[in-house]
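Take a look at the structure set out below.
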Amino acid sequence: MIELAPSILSADFAHLAEQVERATAGGGSVIHVDIMDGHFVPNLTIGPPVVKSLRKATRLPLDCHLMIENPDQYIGDFAAAGADWISVHQEACRHLNRTLNLIKSHECRAGVVINPATPVETLSEVLDLVDYVLVMSVNPGFGGQKFIPGVVHKIRKLADIRGERGYSYRIEVDGGIAMDTVAAVVRAGAEILVAGNAVFGEGDAKLNAAALLDAARSASLVKV
Ligand code: DX5
Ligand code: ZN
């Protein structure tokens, strides 16, 4: 099933509840929340207090994408604030197995993220453990960046490995997902589509979300 995860990074933070509501009305079914610490990525965003407020504003799952060093230190705080899904970067975790189990111990879905330069092979020992794999299609840190087409083969590889080995993780993609890039990632096997700028950038978030979801679903029907 294809799902759209609007990323609030590109939303108007002074009207977050309203913006989330618009994107939900357009078919968004997971709210993607980008957490940045100014160390793992060259930008700063939000922490648990905003997640706590969002929790009251929506019933949709909150997908917290941690772009931070030492994620173990904060996983409990995000879970307590109301995160439903928590993903950590392979590149930020010295003890990835331990960190993923820590997420699960808080009753959250556990995801692992790979940067554009990180191969799928680095995940081979955790694919049986994760609920989802997030493939970055931009270098993390900012919204509105250009999609990197070279990552598409990684989505396909993850779908193949899942089929071959009988795993059950879902495949999420994040970065530069818009009307002109969505078909390629869906055809490769992406099921959860993060979109910030394409939903909240210009125009109405409801219409933008609906159009993007529609394009994604049409692409998933085309056999290639
Ligand atoms: C980038 C973030 C993304 C970002 C995507 O580091 O992880 O979730 O919001 O934004 P767009 O869709 O504008 O590329
Ligand atoms: Zn993200």
Side-chain angles (χ1 to χ4, degrees), residues 2-13 16 19-20 22-23 26-47 50-51 54 60-69 71 74 78 83-92 103 108-118 130 132-152 154-155 170-186 190-203 205 208-209 211-213 215-216:
I2 304 285
E3 289 196 82
L4 179 66
S7 164
I8 60 161
L9 187 62
S10 295
D12 176 356
F13 273 68
L16 213 42
Q19 296 254 281
V20 165
R22 289 304 287 166
S29 51
V30 176
I31 301 302
H32 186 83
V33 185
D34 289 304
I35 316 293
M36 305 185 189
D37 67 351
H39 294 282
F40 180 68
V41 287
N43 198 5
L44 278 168
T45 56
I46 58 161
V50 177
V51 173
L54 269 173
L60 296 185
L62 298 176
D63 168 23
C64 291
H65 173 194
L66 305 189
M67 286 161 274
I68 63 177
E69 304 281 3
Y74 299 100
F78 282 104
D84 299 281
W85 306 5
I86 297 179
S87 61
V88 291
H89 272 259
Q90 183 273 346
E91 305 86 0
I103 297 172
C108 293
R109 294 206 187 156
V112 67
V113 194
I114 47 173
N115 279 336
T118 304
V130 292
Y132 61 106
V133 179
L134 171 47
V135 175
M136 289 306 300
S137 39
V138 297
N139 288 294
F142 304 93
Q145 300 184 83
K146 205 172 168 303
F147 179 77
I148 301 172
V151 307
V152 173
K154 296 201 283 183
I155 296 172
R170 298 178 77 199
I171 304 171
E172 184 174 27
V173 63
D174 181 6
I177 302 302
M179 292 301 274
D180 58 339
T181 53
V182 73
V185 296
V186 166
E191 297 145 333
I192 306 157
L193 312 167
V194 176
N197 199 51
V199 171
F200 296 110
E202 270 175 40
N208 292 341
L212 193 56
L213 201 49

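Note that ligands are numbered from 1 as they come in the structure, with each ligand's atoms numbered from 1 the same way. Just so it is clear, the values below take in all heavy atoms, side chains as well, and ignore hydrogens, waters and symmetry mates.
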Under 3.5 Å, which donor-acceptor pairs do the side chains of residues 139-151 form with other protein atoms, sequence neighbours left out?
| from | atom 1 | to | atom 2 | distance (Å) |
| --- | --- | --- | --- | --- |
| Gln145 | NE2 | Asn139 | O | 2.8 |
| Gln145 | NE2 | Phe142 | O | 3.1 |

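Interface of Met67 with ligand 1, defined as ligand atoms under 4.0 Å from a residue heavy atom, comprises 6 (O), 7 (O). Of all the atoms in ligand 1, the ones that sit under 4.0 Å from a non-hydrogen atom of Gly175 are 14 (O). For ligand 1, the atoms lying closer than 4.0 Å to a non-hydrogen atom of Pro140 are 6 (O). Near Val194, with a cut-off below 4.0 Å to any heavy atom, the atoms of ligand 1 are 8 (O). Every atom of ligand 1 is numbered from 1 in the order shown, and the set under 4.0 Å from a heavy atom of Asp174 is 2 (C), 3 (C), 4 (C), 5 (C), 7 (O), 8 (O). Annotation for ligand 1: atoms under 4.0 Å from non-hydrogen atoms of His32 are 8 (O). Near His65, meaning under 4.0 Å from one of its heavy atoms, ligand 1 places the atoms 7 (O). Using a 4.0 Å cut-off to heavy atoms of Met36, the atoms of ligand 1 that qualify are 6 (O).
Residue, atom and distance of the protein heavy atom nearest to atom 6 (O) of ligand 1 are Gly141 N, 2.7 Å. From the protein, the heavy atom lying nearest to atom 14 (O) of ligand 1 is Gly176 N, 2.8 Å. The nearest heavy-atom contact from the protein to atom 9 (O) of ligand 1 is Ser7 OG, 2.7 Å. The protein heavy atom nearest to atom 1 (C) of ligand 1 is Phe142 O, 3.4 Å. Nearest protein neighbour of atom 10 (O) of ligand 1, counting heavy atoms only, is Gly143 CA, 3.6 Å. Closest protein heavy atom to atom 13 (O) of ligand 1: Gly144 N, 2.8 Å. Remark: minimum distance from atom 2 (C) of ligand 1 to any protein heavy atom is reached at Asp34 OD1, 3.4 Å. Among protein heavy atoms, atom 12 (O) of ligand 1 sits closest to Gly196 N, 2.8 Å.
At a 3.5 angstrom cut-off on N or O pairs, Met136 does not count as close to ligand 1. Any N or O atom pair closer than 3.5 Å counts here, and Asn197 shares at least one such pair with ligand 1.
To the nearest 0.5 Å, the span separating CD1 on Ile46 from CD1 on Ile35 amounts to 4.0 Å.
Of the residues listed (Ile68, Ile103, Val130, Val113), the one engaging Val88 in a side chain to side chain contact (heavy atoms under 4.5 Å, CB included) is Ile103, and it is the only one.
Between the side chain of Ser10 and the backbone N or O of Gly201 there is no donor-acceptor pair closer than 3.5 Å. With hydrogens and angles disregarded, a donor-acceptor distance shorter than 3.5 Å links the side chain of Asn208 to the backbone of Glu202. Checked by atom type and distance alone, the side chain of Gln19 pairs as donor or acceptor with a backbone atom of Asp12 at under 3.5 Å. Between the side chain of Asp37 and the main chain of His39, a donor-acceptor pair closer than 3.5 Å is present. Judged by distance alone, with hydrogens and angles left aside, the side-chain atoms of Thr118 form no donor-acceptor pair with the main-chain N or O of Gln90 at under 3.5 Å. The backbone N or O of Pro116 sits less than 3.5 Å from a side-chain atom of Lys154, completing a donor-acceptor pair.
Draw a line from the Zn ion (ligand 2) to NE2 of His32 and another to OD2 of Asp174, and the angle between them is 100° (to 10°). Centred on the Zn ion (ligand 2), the angle running from Asp34 (OD1) to His65 (ND1) is recorded as 90°, rounding to 10°.
Counted within 6.0 Å of CZ on Phe40, heavy atoms from surrounding residues, nucleotides or ligands total more than 12; the atom is thus considered enclosed.
Taking every heavy atom of both residues into account, Ala215 and Val182 meet most closely at CB-CG1, 3.9 Å. Of all heavy-atom pairs spanning Ser29 and Glu3, the tightest one is OG-OE1, 2.6 Å.
By the criterion of a heavy-atom distance under 4.0 Å, the backbone of Ala195, and not its side chain, is placed next to ligand 1.
By the 30° and 60° cut-offs, the orientation of the rings of His89 relative to His65 is parallel.
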